[in-house]
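Quick note on labels: first sequence line is chain A, next is B, and so on, each numbered from 1.
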2 protein chains.
Amino acid sequence: MENETCRPRIRIRIVFGAEEMIGPGKAELLERIDRCGSIAAAGREMGMSYKRAWQLIGTLNAMFRAPLVDSTRGGPGGGGAVLTEAGRTVLSLYRAFEDEAAEAGAAQLSELRMLLRDIPHGK
Amino acid sequence: MENETCRPRIRIRIVFGAEEMIGPGKAELLERIDRCGSIAAAGREMGMSYKRAWQLIGTLNAMFRAPLVDSTRGGPGGGGAVLTEAGRTVLSLYRAFEDEAAEAGAAQLSELRMLLRDIPHGK
DNA sequence: TATTGATATGTTTCTCAAGCTATAACGTAG
DNA sequence: CTACGTTATAGCTTGAGAAACATATCAATA
């Protein structure tokens, strides 16, 4: 029930247009779909309603030239969803962006932490 | 009435704790308070209710060791608010973080834009 | 080929929190 | 001492998201 937002973390959202954007939520969802093989299971893991997960994937698939998630109904196990190559590429690019940004701004982040009233415990 | 979220923009939110965070909204608010000399006027400029602006400033003042905004009521003009030195420092650090991050991730951002269905017009 | 089992897709309803509007308190100037 | 523009607070409303439910889909398999 608790989010793991304890240590200072950077949340980056890339906004392309009015509706087109990608942020931490969609990235994590893609990651979990890749691991679970199912939109429903990935959403459950994140404490997210299935509808919401499904909608997020819908917008992602609509905003990129090629869909990021390929879902199949029926079949062995009743159905499932997998990350396409485009999906893997987008996720990897987003994670790379996050890492580069965090590294580039480490100095400022450190200075900001100094100014906090209660310095986050640990690291 | 329209947001200027047309060209691909990066929105960075730095999360320190459960409630402690700073992002584009609070940064812009601080900036405008510095220019306007009033929480109310700054909020109006952003199309934000006074209560919301006041709450945001309240959380900011509470999360840092020293308040970022100093407000007085009554007085000439009815009152006002100014940015403290700490406020100016925090704002500057946040902006610097933004710039560093955007520069560091320019390559990934460019690749992501290529994959979009309808490439954002301009630039 | 009819059944089954697991999921995807879509709809409706409800709740709760974010945000807006309205009100009080304040203090200087005229 | 009244008026004004602001800070500070209280009450209320709207809307986004969750929960629940209903239906569609399709491979295996018996």
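At least one donor-acceptor pair under 3.5 Å links the side chain of B:T89 to the backbone N or O of B:E85. B:S38 places no side-chain N or O within donor-acceptor distance of the main-chain N or O of B:A81, the cut-off being under 3.5 Å. Remark: side-chain polar atoms of A:T84 are paired, donor with acceptor, to backbone N or O of A:L68 under 3.5 angstrom. In this structure a side-chain-to-backbone donor-acceptor pair under 3.5 Å is missing from A:R11 to A:G23.
Listed here is the closest heavy atom pair of B:Y94 and B:I22: CE1-O, 4.1 Å.
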Decide salt bridge (Lys or Arg N to Asp or Glu O under 4.0 Å) for A:R35 and A:E31; before the verdict, give the C-alpha distance in whole Å, the side-chain angles of both, and the deciding distance to 0.1 Å.
CA-CA 7 Å; A:R35 258 194 281 127; A:E31 214 157 49; 5.2 Å; no

Chi angles and distances behind the side chain to side chain contact (heavy atoms under 4.5 Å, CB included) call for B:E19, B:T59:
CA-CA 8 Å; B:E19 298 297 320; B:T59 61; over 6 Å; no

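Helix-axis bend for the helix from C:dT1-D:dA30 to C:dG30-D:dC1: the local axis fitted to the five terminal pairs at one end deviates from that at the other end by 10°, rounded to 10°.
Each of C:dT28, C:dA8, D:dT7 was ranked by its minimum atom distance to the side chain of B:A40; first place goes to D:dT7.
Rounded to an integer number of Å, the gap from B:I57 CD1 to D:dT6 P is 16 Å. For the pair A:L56 CG and D:dA16 P, the interatomic distance rounds to 15 Å; values are reported in whole Å. In this entry the distance linking CZ of B:R73 with C1' of D:dT6 reads 10 Å, nearest Å.
Paired with A:I33 under the rule side chain to side chain contact (heavy atoms under 4.5 Å, CB included), one option of A:L91, A:V82, A:L83 passes, and it is A:L83.
Regarding contacts with the backbone of D:dT7, a side-chain N or O of B:S38 is found under 4.0 angstrom from either OP1 or OP2.
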What pairs of nitrogen or oxygen atoms, one from the protein and one from nucleotides 10-19 of chain C, lie under 3.5 Å apart?
unit_1, atom_1, unit_2, atom_2, d
C:dG19, OP2, B:R52, NH1, 2.3

